[in-house]
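Taking it in order: structure first as structure tokens, then the write-up.
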2 protein chains.
Amino acid sequence: MADIARLAGVSTSTVSRALSGSPLVNDETKTRITELARSLNYSINIGAQNLRLRQSRTVAVVIPYEAETRQHLSDPFFLSMLGSVADALTDRGFDMLLSRVDAERLDSIAQIYDTGRASGIILIGQWRHHDQLNQLAARRVPVVVWGAQLPQQLYVTVGSDNVSGGFLATEHLIRSGKRHIAFFGDIQLPEVAQRYEGYCKALIQYGRPVVPQLQVQASFAENGGREAVTELCQRQITFDALFACSDLLAMTSINSLRERHFRVPHDIAVVGYDDIELARYFHPPLSTVRQPMAQAGQALVEALLAIVDHDNNTQPRLLPTELIVRKSST
Amino acid sequence: MADIARLAGVSTSTVSRALSGSPLVNDETKTRITELARSLNYSINIGAQNLRLRQSRTVAVVIPYEAETRQHLSDPFFLSMLGSVADALTDRGFDMLLSRVDAERLDSIAQIYDTGRASGIILIGQWRHHDQLNQLAARRVPVVVWGAQLPQQLYVTVGSDNVSGGFLATEHLIRSGKRHIAFFGDIQLPEVAQRYEGYCKALIQYGRPVVPQLQVQASFAENGGREAVTELCQRQITFDALFACSDLLAMTSINSLRERHFRVPHDIAVVGYDDIELARYFHPPLSTVRQPMAQAGQALVEALLAIVDHDNNTQPRLLPTELIVRKSST
DNA sequence: ATGAAAGCGCTAACAG
DNA sequence: CTGTTAGCGCTTTCAT
């Protein structure tokens, strides 16, 4: 910057002003400086600017990983979410810091904020960590979580309407004439619990019994579908439909069902959750509950920036879900 | 920091030294300061530290997106790569900036470097952008690309041995008694071209003809498999095996083949590429060529940091590939 | 072993 | 409209 100032025969203040588009500077000098900057391939040093402005214009995004596997979840849903958040941040001129954090050490993300690396944190995946998240919020770390809204929650969540999603999927299966609808998902997880709630609600509303035997504690891991199908078959219970809590789970379940010579949808109708890109190209094309990804990134970023701006009244956001009917259920 | 200094009755210099573990400070005062810092929940401001140290300890990772769709590729391979790079960076105490960049405007990533936001850039996906990348390297932007090594290449690549990968897959299919092996992949892309080269090499080595009709220009997009299968069937050419250039492509192709009542592997043996997690849980479990993901992140980061340290002689790295035989081909 | 002072690259009063 | 000056939070000579 000093170089530019010297070459342009002005002070650094003027250069700074010119480059930030201040109206307080002569148009002629402004152009001269801008030209000079371009020809020298000069860009403002963001680090110094941020220091001076006492900001960071950076948001950290955290997708926790499981300690045992050290692996990121390979669910395309997360990549999609990442893209959506990246878009929303880019639109607002924020940088995105991606952090790898052990799911059991969520408190460590406070560091990202304390050290000034990011003005706030977006956590994708609430999992079982309600308490840790409450502690974070109590420490006044600006954080927004993608997940379910829970009672006694100190942190802000953005999530889709899981109860409604579960309801829509189940209602659709009931109306298609299915009588024994299995539910695949770990109801220890808040989001899944709410989908299960919607599932039960639909059954009850249509005068059907809620059969606990039909609920299988399927994990979101890659082999979740296979294991859940095995478990369900061992229970020797009749079922003619399946509501799986993620598309990936639905897909691996369908593969397993096929190995056991069930036909989908003829013998078993299947509905997934998320509506990942792949869902429509699966065989058969997968019926599913769509989470509004484009809105998700926007909503997460808006909520976080509100908190960063000390809006102490930021409310949790519930995004609408939508049933997408394809061949796997009809 | 000034606060701590005051409370500890020392100067900020001492606090700085204590917190950075300098040996030039009395053990007693060091503990006092450390305690104080912890109790105040204080962490060093990384931005200021970086400014003073004229570094950034941040690496930008770029996965370009296609302008038309504005969408990230939903291939789990990329998430896996992201995780691998994140690990390698975390190990070395670097932060990871994730940037969303239009594939047609790759030159814009120079900005990330010019503004000092990152000390260097890791680009995942070479695609067709050889020339743009050469320009970047010519501008002396520290950049490492995941992809194929090409002639007249000014930038550094890290990639797996695509020729060998293509060879292994094809050889395996030939040895399994297959006679008409289709190849799915866009050979405009350098990596795919090399896999095709390996495919041809194997055919020739085993005295088989290379039939151009068997090569289909399949895209990596979600519907790539379906379109390629349609295309191949329209050509009315016999085939009894398929080598697809990604696992995702292999999976969607298998789904499409099944719709057309081909049995896999009985009628058509299929081998994919990448060995994503999902491959072993697919039905049937997918034979594939594994790319060494754990090494990939390490190698990319090592190469980049070497360049950042002005090692002008950083060589491209070729990582080994490995054939994984599962049910889809036997 | 510790402190004073200078400065990383930038911006924002405050004067002129 | 432009320049002077001070300082964001930190590290590091250079003294002591």
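Per chain, numbering begins at 1; letters A, B, ... match sequence-line order.
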Legend entry - Phosphate OP1/OP2 of C:dG9 contacted by A:Gln49 side-chain N/O (<4.0 Å):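 Answer is no, no contact under 4.0 Å.
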Does a donor on one side chain sit under 3.5 Å from an acceptor on the other, for [X] and [Y]?
X: A:Tyr65; Y: A:Glu104; answer: no
X: A:Thr157; Y: A:Gln153; answer: yes
X: B:Thr115; Y: A:Ser43; answer: no
X: A:Asn134; Y: A:Gln132; answer: no
X: A:Gln135; Y: A:Tyr155; answer: no

Atom [atom1] of [X] to atom [atom2] of [N]: distance rounded to whole Å?
X: A:Gln55; N: C:dC10; atom1: CD; atom2: P; answer: 14 Å
X: B:Arg52; N: C:dG7; atom1: CZ; atom2: P; answer: 10 Å
X: A:Met1; N: C:dG7; atom1: CE; atom2: P; answer: 19 Å

Inset, instruction - Output, in order, the C-alpha distance, side-chain angles, deciding distance and verdict of salt bridge (charged side-chain N to carboxylate O under 4.0 Å, His left out) for B:Glu35 and B:Arg38. - result: CA-CA 5 Å; B:Glu35 293 288 289; B:Arg38 189 190 355 271; 3.1 Å; yes
Legend entry - B:Gln126/B:Leu133 under side-chain contact (heavy atoms from CB on, under 4.5 Å): CA gap, chis, key distance, verdict: CA-CA 8 Å; B:Gln126 178 179 33; B:Leu133 294 173; 4.3 Å; yes
Inset, instruction - Anything under 4.0 Å to a heavy atom of chain A counts; send over the first and last such nucleotide of DNA chain D, read 5' to 3'. - result: D:dC1 to D:dG9
Inset, instruction - Tell me, with the steps shown, if B:Val156 and B:Leu304 meet side-chain contact (heavy atoms from CB on, under 4.5 Å). - result: CA-CA 8 Å; B:Val156 173; B:Leu304 181 64; over 6 Å; no
Inset, instruction - Strictly below 4.0 Å, heavy-atom distances to any atom of DNA chain D: list the hits from residues 10-46 of chain A, or just say none. - result: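 Per residue number, the list reads A:Val10, A:Ser11, A:Ser13, A:Thr14, A:Arg17, A:Leu24, A:Val25, A:Asn26, A:Thr29.
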